There are 2 protein chains.
Amino acid sequence: MVNYNDIAKLSKVSSTTVSHVINETRFVLPETKKRVKDAMKKLNYQPNLLARGLATGKTHTIGLVISDIRNPFYPELVQGVEELAVKNDYNIFLCNTDYDIEKGLKSIGALIRKKVDGIIITSSQADSLLMGELVNSKVPIVIVNWGRRNVKIDNICVDYKVGMKEAVKHLVSLEHKKIYFVSGPGALKTAKIRIDNFIEAIEKFNRLGLEYKVIEGNHKMDGGLKAVRKILKEKELPTAIICSNDLTAIGAMKGLRLAGIKVPEDVSVIGLDNIALTKIVSPMLTTIELERYKIGKTAMEFLLKRIKEKDLPRQTEILKTKLIVRESTSEAKK
Amino acid sequence: MVNYNDIAKLSKVSSTTVSHVINETRFVLPETKKRVKDAMKKLNYQPNLLARGLATGKTHTIGLVISDIRNPFYPELVQGVEELAVKNDYNIFLCNTDYDIEKGLKSIGALIRKKVDGIIITSSQADSLLMGELVNSKVPIVIVNWGRRNVKIDNICVDYKVGMKEAVKHLVSLEHKKIYFVSGPGALKTAKIRIDNFIEAIEKFNRLGLEYKVIEGNHKMDGGLKAVRKILKEKELPTAIICSNDLTAIGAMKGLRLAGIKVPEDVSVIGLDNIALTKIVSPMLTTIELERYKIGKTAMEFLLKRIKEKDLPRQTEILKTKLIVRESTSEAKK
DNA sequence: ATGAAAGCGCTAACAT
DNA sequence: ATGTTAGCGCTTTCAT
């Protein structure tokens, strides 16, 4: 491995000067500079960023912790982080927790010991355990919070309220009176919040005497399908179903189709997330949009600022959701 | 930051001994060992992996270069790599090239300078440029080769032949005589190979006088849709369309549906990749499977072996594809 | 059974 | 305008 000494010898300067030439950190005579640069070229010098990191305490590396890259939710978020990271010469350690606290802890430990300059945590398990480990490690952190607003840490969180309200309003304007909600897994904080927001939105209209019910799903397709099977047993079907995420909604649509029930003519369906799939299924799914790319990008922006300036006041942003009307909703069936 | 010296002082040994306790690299009296360990606990010691890496030349970090994480092809592959990596205490630098050679080069440069222990390249642009940079950097590399077998580097490559042959055979058995192929972007090596394999498969049956044609798409949905629009202008439609990837096939199905043409009754459609989507669309897509998780896993296995043993003979594996019949294919229309 | 000291490649305060 | 030198935190050879 060629290093400063090699360059220094070849260009007859000290290694200090080599350093200063490389980092442009003090004046060096043009001709000396040229000698050094020529030597670097000749030796095909590649800086050792580990050594640099050790000396400076900055690695230009960040960690990105997510639950599961196969969840169609994440790729765009990752993209948002990545683009901005690369633009600013950062590399990303990608860590999948696989929804496993142990694995998450292990990853975060490694990140800290590898001296990342910062960490973005988007895992739904942004748990007190993980947090504990992190907070006292003094590494800059940004958390993407699927839940309620966090205490002291930079965070960006998602507000489903607006979108959910729009969704209900949309249905009401189409004269729906009986609206069901298929939720995510009961244990998931995210899922609970979505339920709450649904109920809140519904109750805004309670002068209309809306009828509603919450059925548990699992945030996957089969959950939506099963939920519909359950619903089908009732004597009178709802005229609309809102689902806790798009996969669920797509499963629900499938269930309805299999039962010979038409979407949206007989039953309207609304999803949440606006994953790419929603535009592909038929009918195209009306859904509540969540700007995943922007979430990632904003998280990275926060992190960059935090890295530059350790004692900035807490940064926080609430990303609103909004309804995207497509083909899976229409007038309520009489 | 607490370091060996702090521990050494507190436990009244030399920092050498601390190192040996931590790495279990030579005998230390049980009682001394205990003192050291207690001190570590007390100080909540976290090793600095940069320093370790600098001293040992091993970072327990690898780079994974892909084209675009939003391409539904990649997440599973990444998962395959990640799981095995974490199991072996490696972290992953994820690099998106965004199909951009410049960005790819930049990333790879950074990986090398950050002293990764190895690199997996799955970018379709596994180009001579990138390769040049890499080969003489002596970093262990595994390339996932969408193309023809590579020369000297460990690689795993995908053989579409079998799957493509099965696909054509399947169609032939359903009495299709006019089969079109919607390809990927012309410039892409991968895409070319898929075309070749298609033609090769078709020509195996040329005693039957099959009619065929290749239409250029772009490996995205709209490409499939546009290709179908083009096809619709012909006087006599093909009875079957094979697509270079699943997104294209799904776009094609959409195009057909919009034109009032039924899949599979009027036209059969076959995709390639077997992404999750194929089971969600309706009709479910018949497709050629490519085991992406396994690709990732195998690549990581190769890399681990290569890291352990620099001068292993070249490792290589060819992953076969196979046809998965679902709902989008049926008897040819008379 | 343990320590001293040099070295990994780079930075930066202090000289000159 | 450039050099000397002491680190950064860890490993490892050579002593004892």
Side-chain angles (χ1 to χ4, degrees), chain A residues 1-37 39-40 43-61 89 109-110 112-117 137-139, chain B residues 1-37 39-40 43-61 89 109-110 112-117 137-139:
Chain A
M1 194 73 292
V2 21
N3 62 17
Y4 280 12
N5 281 327
D6 303 321
I7 303 174
K9 250 172 231 160
L10 187 58
S11 52
K12 312 210 184 286
V13 295
S14 72
S15 64
T16 304
T17 297
V18 174
S19 172
H20 286 301
V21 167
I22 286 175
N23 300 302
E24 306 195 307
T25 163
R26 82 178 179 195
F27 182 87
V28 178
L29 273 189
E31 72 168 57
T32 329
K33 198 186 258 179
K34 182 166 184 322
R35 281 209 321 277
V36 172
K37 289 202 160 167
M40 284 169 55
L43 299 171
N44 186 26
Y45 171 71
Q46 299 286 106
N48 181 326
L49 265 27
L50 285 186
R52 174 128 71 204
L54 182 58
T56 62
K58 293 263 150 257
T59 54
H60 266 252
T61 296
D89 288 312
I112 293 175
R113 292 191 276 274
K114 286 192 177 165
K115 300 293 163 190
V116 295
D117 292 342
S137 80
K138 291 293 165 207
V139 180
Chain B
M1 195 71 293
V2 19
N3 62 18
Y4 280 13
N5 281 327
D6 304 321
I7 303 173
K9 253 172 226 158
L10 187 58
S11 51
K12 314 212 183 282
V13 295
S14 72
S15 63
T16 305
T17 297
V18 174
S19 172
H20 286 301
V21 167
I22 285 175
N23 300 301
E24 305 193 307
T25 162
R26 82 176 179 196
F27 182 86
V28 179
L29 273 189
E31 72 168 59
T32 329
K33 196 186 258 178
K34 183 168 185 321
R35 282 208 321 277
V36 173
K37 290 203 159 165
M40 285 169 55
L43 299 172
N44 186 27
Y45 170 72
Q46 299 285 107
N48 181 327
L49 265 28
L50 285 186
R52 174 129 69 204
L54 182 58
T56 61
K58 294 262 149 256
T59 54
H60 265 253
T61 295
D89 289 312
I112 292 175
R113 293 192 274 275
K114 287 193 177 165
K115 300 293 163 189
V116 295
D117 291 342
S137 80
K138 291 292 164 205
V139 180

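Side-chain atoms are counted along with the backbone in the values below, which use heavy atoms only and exclude waters and symmetry mates. Protein chains get the first letters and strands the later ones, always in sequence-line order, with residue 1 at the start of each. Everything numeric in this text was worked out from a predicted model, so none of it was measured.
- When the P atom of D:dC10 is taken as reference, atom CG of B:Leu50 falls 10 Å away, rounded to whole Å.
- Residue A:Asn23 is classed as a sugar-phosphate contact, given heavy-atom separations below 4.0 Å to backbone atoms only.
- Annotation: the span from B:Leu50 atom CG to A:Leu50 atom CG amounts to 6.0 Å, rounded to 0.5 Å.
- Two residues, B:Ala51 and B:Thr25, neighbour DNA chain D, and the one matched to the more 5' nucleotide by heavy-atom proximity is B:Ala51.
- Proximity note for B:Thr16 (side chain, C-beta onward) versus D:dG3, D:dT13, D:dC10: the nearest is D:dT13.
- Backbone-only contact: A:Thr17 has heavy atoms under 4.0 Å from sugar-phosphate atoms and none from a base.
- Neither OP1 nor OP2 of C:dG9 sits under 4.0 Å from any side-chain N or O of A:Ser15.
- Applying the 4.0 Å criterion to OP1 and OP2 of C:dT11, one finds that A:Tyr4 has a side-chain N or O inside that range.
- Using a 4.0 Å heavy-atom criterion, one finds that A:Val18 contacts no nucleic acid atom at all.
- Atom-to-atom, CD1 of A:Ile7 to C1' of C:dG9 comes out at 11 Å; the value is rounded to the nearest Å.
- When distances run from any side-chain atom of B:Arg26 to the nucleotides D:dC14, C:dA4, C:dG9, the shortest one goes to D:dC14.
- For B:Arg35 and C:dT2, the CZ to P distance is 8 Å, given to the nearest whole Å.
- OP1 or OP2 of D:dG3 sits under 4.0 Å from a side-chain N or O of A:Ser14.
- Within the 4.0 Å cut-off from OP1 or OP2 of C:dG9, at least one side-chain nitrogen or oxygen of A:Asn3 is found.
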Would you sort out whether B:Lys114 and B:Thr61 count as a side chain to side chain donor-acceptor pair (under 3.5 Å), showing the intermediate values? CA-CA 9 Å; B:Lys114 287 193 177 165; B:Thr61 295; over 6 Å; no
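- The listed nucleotides are D:dG7, D:dT11, C:dT2; the one nearest the side chain of B:Ala55 is D:dT11.
- Between the side chain of B:Asn3 and the backbone N or O of B:Asp6 there is at least one donor-acceptor pair closer than 3.5 Å.
- Rounding to whole angstrom units, CG of residue A:Leu49 and P of C:dG9 are separated by 14 Å.
- Distance CG (A:Leu54) to C1' (C:dA12): 14 Å, rounded to an integer number of Å.
- Atom NZ in B:Lys12 sits roughly 16 Å away from atom P in C:dT2 (whole-Å rounding).
- We find that CZ of A:Arg113 is positioned 15 Å from C1' of D:dC10, with the value rounded to whole Å.
- One interatomic measurement links the two molecules: NZ of A:Lys115 to P of C:dG9, which rounds to 21 Å at whole-angstrom precision.
- Side chain of A:Arg52, nearest nucleotide from C:dT11, D:dT12, D:dC10: C:dT11.
- Within the 3.5 Å criterion, the main-chain N or O of A:Ser11 finds a donor-acceptor partner in the side chain of A:Arg35.
- Partner of B:Val21 under the side-chain contact (heavy atoms from CB on, under 4.5 Å) criterion, chosen from B:Thr17, B:Val18, B:Thr25: B:Thr17.
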